[in-house]
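These notes concern the structure reproduced below.
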Amino acid sequence: PRLSRTRGPISPYFVSRYGFSPACTVATWSGDNPNSVAGLGLSAPGDVGLSLGTSDTIFCIMDAATSKPSIEGHVFVSPVSPTSHMAMLCYKNGSLAREGVCKRFADGKWGLFN
């Protein structure tokens, strides 16, 4: 599958305001979670990454030939390989849980919590 698509030249506004080159081409690609997979270098089946942010997210790479996406999970085309899938589990409000544990066991002091 095609992983990105060229949309056209950058707007003159961004050239003027932010100094982009007028030759810059805009391409659609991905969102924050797939970009995390790419940024962490997860590319081979079995690679796993963990993101602890506002939401806690775990990613893994699966072989597209053997994985079976269904409506019961979050499985996407991999942002880095057309022969792989990206699976994702996301737990919302992960940061709130960590803050609660920090307050309870470390008087809200992150240095002590760490």
Check: In the single-linkage hydrophobic clustering (I, L, V, M, F, W, Y; side-chain heavy atoms under 4.5 Å), do Leu40 and Ile61 co-cluster?
Finding: yes
Notebook entry, point to check: ring pair (Phe, Tyr, Trp, His ring centres under 6.0 Å): which pairs involve residues 94-114, sequence neighbours left out?
Noted result: Trp110-Phe113
Check: Hey, quick one: are Leu50 and Val37 part of the same hydrophobic cluster, counting side-chain heavy atoms closer than 4.5 Å, chains of contacts allowed?
Finding: no
Checklist line | Nearest heavy-atom neighbours spanning Leu42 and Phe59 | finding: CD1-CB, 4.2 Å
Check: Do Ser16 side-chain atoms and Pro12 backbone N/O form a donor-acceptor pair below 3.5 Å?
Finding: no
Check: If you group Ile, Leu, Val, Met, Phe, Trp and Tyr by side-chain heavy-atom gaps below 4.5 Å, do Tyr13 and Phe20 land in one group?
Finding: yes
Checklist line | Contact list for residues 17-26, test side chain to side chain donor-acceptor pair (under 3.5 Å), sequence neighbours left out | finding: none
Margin query: Give me each pair satisfying side chain to side chain donor-acceptor pair (under 3.5 Å) with a member in residues 41-62, each pair once, sequence neighbours excluded.
Written below: Asp56-Arg98
Notebook entry, point to check: Can you list every pair that meets salt bridge (Lys or Arg N to Asp or Glu O under 4.0 Å) and has a residue in residues 74-90, with sequence neighbours left out?
Noted result: none
Notebook entry, point to check: Do Ser78 and His85 pass the side chain to side chain donor-acceptor pair (under 3.5 Å) test, and can you show the C-alpha distance, the side-chain angles, and the key distance before you say yes or no?
Noted result: CA-CA 5 Å; Ser78 168; His85 284 147; over 6 Å; no
Item checked: In one Ile/Leu/Val/Met/Phe/Trp/Tyr side-chain cluster, 4.5 Å: Ile58, Leu52 -> yes
Notebook entry, point to check: Should Val26 and Thr6 be marked as a side chain to side chain contact (heavy atoms under 4.5 Å, CB included) after you check the CA-CA gap, both sets of side-chain angles, and the distance that decides it?
Noted result: CA-CA 6 Å; Val26 176; Thr6 300; over 6 Å; no
Margin query: Once rounded to the nearest 0.5 Å, what's the spacing between atom CE of Met86 and atom SG of Cys60?
Written below: 9.0 Å
Checklist line | salt bridge (Lys or Arg N to Asp or Glu O under 4.0 Å) contacts in which one or both residues fall within residues 102-112, not counting sequence neighbours | finding: none
Notebook entry, point to check: When Ile, Leu, Val, Met, Phe, Trp and Tyr are grouped by side-chain heavy atoms lying under 4.5 Å apart, directly or through other members, which residues fall in the same group as Met62?
Noted result: Val75
